[in-house]
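When a ligand or atom number is given, it counts from 1 through the structure's own listing order. The first residue in the sequence is number 1, and the count goes up from there.
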Amino acid sequence: MDSQAEPKLEIFFFPYILGGHLIPMIDLARLFASHGVKATIVTTPHNVLLFQNPILRDQQLGYDIGFLALNFPAEEYGLPNGCENELTTTNGDMFTKLFMAAMKLQDPLRKLLSQTRPDCLISDRLYPWIADVTDGLGIPRVVFDGSGCFSHCVEESLRRYAPHEKVVFETESFLVPGLPNQIELKRSMLPDYVKAENVFTHFLNEALECEIKSYGIVVNSFYELEQAYADYFQKDMKRKIWHIGPVSLYNRTNIDKVERGIKTSIDEHSCLSWLDSRDPNSVLYISFGSMPRITSAQLLEIAHGLETSNHPFIWVIGRILDYSSKEKQQVESVVLPVGFEERITKSKRGLMIRGWAPQLLILEHPAVGAYMNHCGWNSIIEGVTAGLPMITWPFSSEQFYNERFILNVIRVGISMGNEDWVPLKEVPRVTIKRDKVAHVVNRLMGCEEDEVVDMRKRAEEFRDKAMKAFEKGGSSHSNVHAFIAELKSCRKISQNGH
Ligand SMILES: O=c1ccn([C@@H]2O[C@H](COP(=O)(O)OP(=O)(O)O[C@H]3O[C@H](CO)[C@@H](O)[C@H](O)[C@H]3O)[C@@H](O)[C@H]2O)c(=O)[nH]1
């Protein structure tokens with residue numbers, strides 16, 4: 001039993017500087033603070049500014065949460081002042097510089113940790129030097145992986161058995177051995193750094209070594225969603241994992257005031273009233289995450305496809321890069337079919353959001369009936385939490401693994417059919433044509449076929465399980481407690497000098 005006088009457990013949270021990593025890590029810190037931990041988010045000055053409002057709100061609620069800022073060497077890398085995450089980059093070159101600058105956080109972090117000595121550091125997977133910083137300081141280090149446990153298991157199987165080396169053609173399928181489900185992939189879906197060694201292979205190998213040497217990993221997922229993989233990870237891969245999500249549910253208590261850093265590009269009330277005017281389950285929500293993904297040509301095909309399919313939609317057009325320019329500069333204004341916007345606005349068929357959408361607010365609305373996304377893990381877990389079937393359209397990173405998870409493991413989606421992995425910030429080589437877009441949208445929206453009805457049912461069941469996992473007594477809630485208890489006992493052991 002903890003004595004009343006025992007000091008609070010202090011955890012430092014050190015997120016990576018990509019939107020899809022920062023957002024869930026901030027939620028994670030807020031979640032732990034709500035469980036009585038002193039949570040300190042260690043990030044760079046402009047990222048502090050970006051997320052200060054939700055943290056202030058939590059402080060007003062009495063939670064012990066705050067920031068510590070590390071200087072970001074933007075200037076040293078020729079980045080404009082304030083460019084401290086990929087959301088503020090406007091071309092591909094800046095993105096590369098950002099990665100390099102992030103590597104330089106090592107020394108300031110070391111200095112900070114040696115002065116402050118928290119009870120634990122939860123850091124993002126993408127800092128391969130993190131073990132050098134914490135080892136020797138005696139601070140337990142835990143890795144937060146922005147993706148789910150499933151993609152870890154796929155990565156491990158590919159490393160162990162290299163099944164992709166036994167197929168000749170890019171379009172040839174192979175089975176991913178040793179996993180609880182039959183998972184088929186094609187070589188064309190694999191990252192270039194898996195198929196042949198490059199700089200990123202080494203970077204990720206170092207990150208993995210660091211992860212293996214860590215105390216364990218926490219994931220933004222819940223046990224019931226990927227039970228077989230959570231067990232596989234612990235038993236076969238012999239590593240510790242805590243499923244503590246969906247962390248976005250932390251925002252749920254105040255869903256109409258969701259602030260997750262970035263200011264939304266649409267007035268939230270007009271977005272909600274547009275949704276209020278639509279029938280339940282009738283709207284398709286389309287978003288491809290926080291990074292630029294699609295080409296101008298693809299944008300046109302999506303627009304035509306949506307118009308033909310005739311289902312209501314909310315379409316988030318994030319940043320589009322001009323892939324033909326050497327610098328991959330951001331396109332200032334996007335070209336849509338003539339009269340498209342007027343037509344969909346007048347008929348109230350669609351709502352376009354240029355920039356940043358209040359995603360959680362939209363996903364939670366009863367009018368939304370399906371979600372087309374790029375299979376970024378946060379999008380998936382947020383879609384699952386909203387009980388939505390999905391249209392999967394992966395492009396890069398581990399997104400094709402995540403797509404298999406949706407299609408073959410939890411079976412709540414249908415695929416748009418892209419099979420061509422491209423590196424982040426490279427031009428997608430495949431353009432899905434308008435007829436295909438319309439066909440896939442029609443297959444899911446307003447369809448009464450058994451396959452789709454079953455998919456919706458399963459999606460709703462997973463939503464209920466997600467809610468249950470997060471509530472008091474649920475698996476994620478208990479895992480947060482178990483994790484805290486374990487860290488407390490580590491602290492006692494180190495204090496007693498054992
Ligand atoms: O207009 C928007 C767009 C995005 N989001 C939020 O931004 C996050 C996006 O995260 P995710 O869906 O994971 O996409 P990425 O930003 O692309 O994520 C990167 O990081 C993920 C976690 O490691 C990986 O799974 C992805 O492959 C990788 O691209 C989610 O929380 C969204 O709710 C918004 O709130 N509004």
Tell me which protein heavy atom sits closest to [atom], plus the residue, atom name and distance to 0.1 Å.
{"atom": "atom 36 (N) of ligand 1", "answer": "Ala357 O, 2.9 Å"}
{"atom": "atom 23 (O) of ligand 1", "answer": "His21 NE2, 3.2 Å"}
{"atom": "atom 18 (O) of ligand 1", "answer": "Gly20 CA, 3.7 Å"}

Would you please classify the geometry between the [Y] ring and the [X] ring as parallel, tilted or perpendicular, with 30° and 60° separating the classes?
{"X": "Phe95", "Y": "Phe99", "answer": "perpendicular"}
{"X": "Phe200", "Y": "Phe203", "answer": "parallel"}
{"X": "Phe288", "Y": "His374", "answer": "perpendicular"}

- Message: To the closest 0.5 Å, what do you measure between CG (Leu18) and CG (Leu87)?
- Response: 8.5 Å
- Message: Please confirm whether Arg125 approaches ligand 1 to less than 4.0 Å, judged on its heavy atoms.
- Response: no
- May I ask whether Leu18 has any heavy atom positioned less than 4.0 angstrom from an atom of ligand 1? no
- Should the proximity of Asn378 to ligand 1, defined as any heavy atom under 4.0 Å, be assigned to the side chain, the backbone, both, or neither? both
- Message: Side chains of Glu226 and His243 only: does a donor on one sit below 3.5 Å from an acceptor on the other?
- Response: yes
- Message: Less than 3.5 Å apart, any donor N or O on the side chain of Gln359 or Tyr285 sitting next to an acceptor on the other?
- Response: yes
- Item | Test of proximity, Ser379 against ligand 1: N or O pairs below 3.5 Å | yes
- Kindly confirm or rule out an N or O of Ser290 lying under 3.5 angstrom from an N or O of ligand 1. yes
